[in-house]
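A short write-up of the structure that comes next.
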Amino acid sequence: MTLLDVHDLHVAFDGSGHQAVTAVDGVSFGVGRGELVALVGESGCGKSLTGLAILGLLPETARTLDQSKVVFDGTDLTTLAPAAMRRYRGARIAMIFQDPVASLNPVMRVGAQISEAIRAHGRATRQEARARAIALLAEVGIADPASRVDAYPHQLSGGMRQRVMIAIALAAEPELLIADEPTTALDVTVQAQILELLDTLRASRGMAVLLVTHDLAIVASRADRVLVMYAGRIVESAATRDLFHAPRHPYTRGLFGSLPTLADGSARLAPIPGIVPPPDRWPSGCRFHPRCPVGVDRCRRDVPPLVDIGPRHTAACWVTGAEANR
Amino acid sequence: MSIRHRLGVVLAFTVMLLAILGPLLTGDPTAQPDPVGGRLLAPSTAHWLGTDAFSRDVLSRLAHGARLSLLIAAIAMTTAGSIGVLFGVVAGGVRGLFGWTTSRAIDIALALPRIVVLLVVVAALGQITPVELGLVLGLTGWPSIARLVRGEALRLREETHVTAAVALGAPPARVIAREILPGTLPPALVAATLGVADVVLLEAGLGFLGIGVSPQLPTWGSMILQAQRHLAEAPWLLLAPGVALVVATAAATLLGDALRSRLAPGSR
Amino acid sequence: MSHWAVRRTAEAVALTILGAVLLVALVHLLPGDPLNAIIGERALDPATKALLREQWGVDHPLPVVLGDFMVGITRGDLGISYGEQRPVATLLAERLGPTLLLGSLTLLITFTVGMALGLWSALRPRSRRAQLLGTLTLITYTLPSFVIGLVLVWVFAVSWQWLPSAGLDDPLLPIDATGGAVLLDRIRHLILPLATMVLATIAVPIRQQRSAALATVAAPWVMAARARGVSPWRIAWQHVWRPAVTPVITLLGLWLPLLVSGAVFVEYVFAWPGVGALIAEATGTRDIPVVIGAGVLLVAAVQLGSLIADLLYRVATPGTVES
Ligand SMILES: Nc1ncnc2c1ncn2[C@@H]1O[C@H](COP(=O)(O)OP(=O)(O)O)[C@@H](O)[C@H]1O
Ligand code: SF4
Ligand SMILES: [Mg+2]
């Protein structure tokens, strides 16, 4: 049985006055124990909302629609009362965010913020929590943890702060970590270190990771599977190796097209023209059609279904998907 | 324009109407038609807001009070605005000892609570006319405007068009007059408008303490002082000037907010 | 004490002294003959007037007046009241207790309740009740303190006759009344002035705390704390309020003048025998030594308050400000 099973997830915003705007539109996927799944797509595709919806942390103006199910270890989290939901947050599913600078409370020592996560989910005296905090700081690779535990966030570098965020996430030994753009705000060299750390922790703790990112390059060597999201929907999913060798959806290919190809990263191939439209201006049919280089008439009218096109490989495209092959 | 800002305009209009037309339409605020039988009358068609302890018409006094309040506020804010802008621009725009000294003068003036200075001045002067009171309120109200203008001038001094003018060799006085002064006027206008609320409240406060202008004058403050003596028999005497004060101060506050979002968006 | 604290204290003392000098100089330079205040309605012959002028030093040049005042202050001598013919320092000493009682309770309640309400309304900014609170604070903000006071007097003292409307205690209280009865009487006299002071000054901390907390409520670290399962209470306290407290402490210094003008008008309305009522009454009788003495005391109080606020600010922002 998979650890997390997201089924037909819909997230809608209460539009001001008029009808609701659906920003996540029928997303389904699973994450197995110890698996590292990447959720990839340009900014504004609904990746963060998907992650937040899993933990029930959507902004006040947003809600999940009724048909959505988020089944974690056999329990549908969307049906839980707030207090029950809170026992999952941090304890069994942890989440870290893009901005490690702003994700730490500036007036609390980092040790206190780690202890807070420990004590939110179990009995621990102050001393025990502090000792655990120091151990966690060591585990995430912070030098001199016994003194850093008393530091204020502004005394640490960006990379160290993200390590602290990871330590907080690990505090209650979660089975799943949702990492939303964990390296986007960091320097390139630090990015690699943080990803390495996540990968190591997954192996050492058997913790599943849902890695949300707009950057295909960073998932290549680490993810087991990749989900590609565009305008609120999953448009392709495959094992990482398959996806990198044979991307099928024009959007996925576009994402590869915008990867730096020269060794020094200086030259970029043509990125996808245009931008992701906001949810209230999504086009009909295939939402990618205004930007798609190979689209046909039908793409404008009909929504392409997400269908199997190979072993554990799905795509939603009229031209390059299963229909075209038939 | 938001609803709040529109409300501010409407309220300001109401007060001005009361101040300008009210005295023309209502009778003599000092007339005492029937000091025995006509005192402390409840509101009626003859006296819309009733009469006070001397049988004087409350509406008429309210209208004349509005006129006095606006006159005093206008004088006070012009005075405070001009002095505040002058001190602020010099403190923020002029480098060297002169600017520094001006800046310290502002800080010292800010260290004195306005009400204390006001009471000391009124104690020294004794009874004064409304125009003089306007000047006194202006002379005690400039430091906060000066502080704001100083901040604005310090900010402007670092902007490219100013540094460019300096680099091109423009004389300092010209830089201040042409490049810095105009930029400080919008926030100063906002502050002056907001300051009207304080002036109206202070003027009423002095009237309530029975000091400053003659207690015989129909000011809102003196009406409240009267009302206090007759709270049991004639509570409406408190209601009329009380509501007028709220309307006037709310008008100034909301209008100031509206001006701010027009003229100096982003500043708070 | 750190270097900074010493400097800041010296600054507060210097500003108080300069303030005193300004007040004395202001009275001296402004037109208006204080002799009228001294002799009142009495008709005196020129010789007696001249004697009085000399005796009260009304014609001394400014440097002499200032010098006398400063020398006097170091000896605790603030001159003699024109009206009461008693030392100003004695009058102030008598009036200080009631003002401190009313002022400190106001400060305490206004800040704790104001911060709590501001935080509460920031946590539910769109709720009906929070919007109602916003409207109510706007009204109390625009209402002058003495009107608030009179409305409370009308309702609670005149109409319902629940509470006394004036004074510090009941003059008819038996001499042999028990301590409990005296205390109860004092509390009953305190309620209306205190409520007025709080209502007149609470809008500012509510608004300030609300806007500071509205910023922290939306901060990423709040989301991060929710994501680790921290309880709503702890989030409100640790992650929303604590980072939002410093702007409100800074405000304490700016807010003190409001407390001073509140004290003047509210004490006057309720005949509360404090420094505020004293300076108001003395202004009415043009008892200039009293006005200046009380004024200097209030200036000193404001300076002391903003000094404490600055020191608190340093304590409340551990390590985050270094300048
Ligand atoms: N609080 C919000 N209110 C209104 N719209 C929002 C809000 N948050 C996100 N959205 C909209 O939802 C879409 C998806 O957002 P998000 O999940 O943050 O995208 P991603 O993480 O993929 O960059 C965006 O286009 C954005 O316009
Ligand atoms: S369905 Fe059509 S528009 Fe959409 S990606 Fe495929 S080809 Fe392009
Ligand atoms: Mg995102």
Side-chain angles (χ1 to χ4, degrees), chain A residues 48 51-52 54-61 82-109 112-122 150-155 161 164-165 167-172 174 177-178 180 185, chain C residues 115 119-131 208-210 212-251 311-323:
Chain A
S48 295
L52 293 171
I54 293 170
L55 274 179
L57 288 176
L58 289 173
E60 243 181 88
T61 49
M85 185 69 229
R86 193 145 49 78
R87 282 196 289 276
Y88 280 81
R89 284 186 206 134
R92 303 193 64 189
I93 310 175
M95 186 160 181
I96 59 175
F97 300 90
Q98 172 169 344
D99 188 353
V101 175
S103 293
L104 285 165
N105 184 335
V107 303
M108 267 174 98
R109 296 174 198 275
Q113 302 190 53
I114 303 173
S115 304
E116 182 182 62
I118 296 168
R119 285 156 64 102
H121 299 290
D150 291 323
Y152 284 96
H154 72 273
Q155 296 167 320
R161 279 184 254 195
V164 170
M165 290 312 298
I168 292 173
L170 297 178
L177 172 67
I178 303 174
D180 188 357
Chain C
M115 283 176 148
L119 177 64
W120 171 81
S121 70
L123 291 171
R124 300 169 187 70
R126 270 182 286 271
S127 74
R128 275 275 167 88
R129 278 188 254 178
Q131 281 168 357
Q208 197 79 10
Q209 181 68 82
R210 185 183 129 91
L214 275 177
T216 52
V217 125
W221 68 76
V222 171
M223 178 59 96
R226 292 176 65 205
R228 59 181 178 261
V230 179
S231 72
W233 280 105
R234 199 177 151 85
I235 285 185
W237 168 256
Q238 278 286 359
H239 298 285
V240 177
W241 182 73
R242 272 199 47 200
V245 70
T246 45
V248 188
I249 294 180
T250 330
L251 171 87
L311 295 174
L312 273 179
Y313 182 83
R314 283 292 169 125
V315 176
T317 50
T320 51
V321 280
E322 291 303 333
S323 56

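Note on naming: letters A, B, ... go to the chains in the order of the sequence lines (proteins, then strands), and numbering restarts at 1 for each one.
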[X] versus chain C, heavy atoms under 4.5 Å apart: side chain, backbone, both or neither?
X        : value
A:Ile96  : neither
A:Ala91  : neither
A:Met165 : side chain
A:Asn105 : both

TODO: Keeping the roles fixed (side chain from C:Ser127, backbone from C:Ala130), state whether a donor-acceptor pair exists under 3.5 Å.
DONE: yes

- [ ] Check whether any side-chain N or O of A:His121 sits under 3.5 Å from a backbone N or O of A:Arg89 as a donor-acceptor pair, and report yes or no.
- [x] yes

With a 4.5 Å cut-off on heavy-atom pairs, point out which of [options] contacts chain C the most.
options                      : answer
A:Leu104, A:Val101, A:Ile93  : A:Leu104
A:Ser103, A:Ala171, A:Ala120 : A:Ser103
A:Gly90, A:Ala169, A:Pro153  : A:Gly90

TODO: With a 4.5 Å cut-off on heavy-atom pairs, point out which of C:Arg126, C:Gln238, C:Met223 contacts chain A the most.
DONE: C:Met223

Open item on the list: Return the CD to CZ distance between C:Gln131 and C:Arg124, rounded to the nearest 0.5 Å.
Closed with: 13.5 Å

Open item on the list: C:Arg228: which residues meet the side chain to side chain contact (heavy atoms under 4.5 Å, CB included) condition with it, sequence neighbours left out?
Closed with: A:Gln113, A:Glu116, A:Ala117, A:Ile168, C:Ala224, C:Ala225, C:Val230, C:His239

Open item on the list: Once side chain to side chain contact (heavy atoms under 4.5 Å, CB included) is applied, do any residues pair with C:Leu214, and if so which ones, sequence neighbours excluded?
Closed with: C:Ala122, C:Pro125, C:Arg210

Open item on the list: On a heavy-atom basis, which atom in A:Met85 and which in A:Leu55 lie closest, and how many Å separate them?
Closed with: CE-O, 3.4 Å

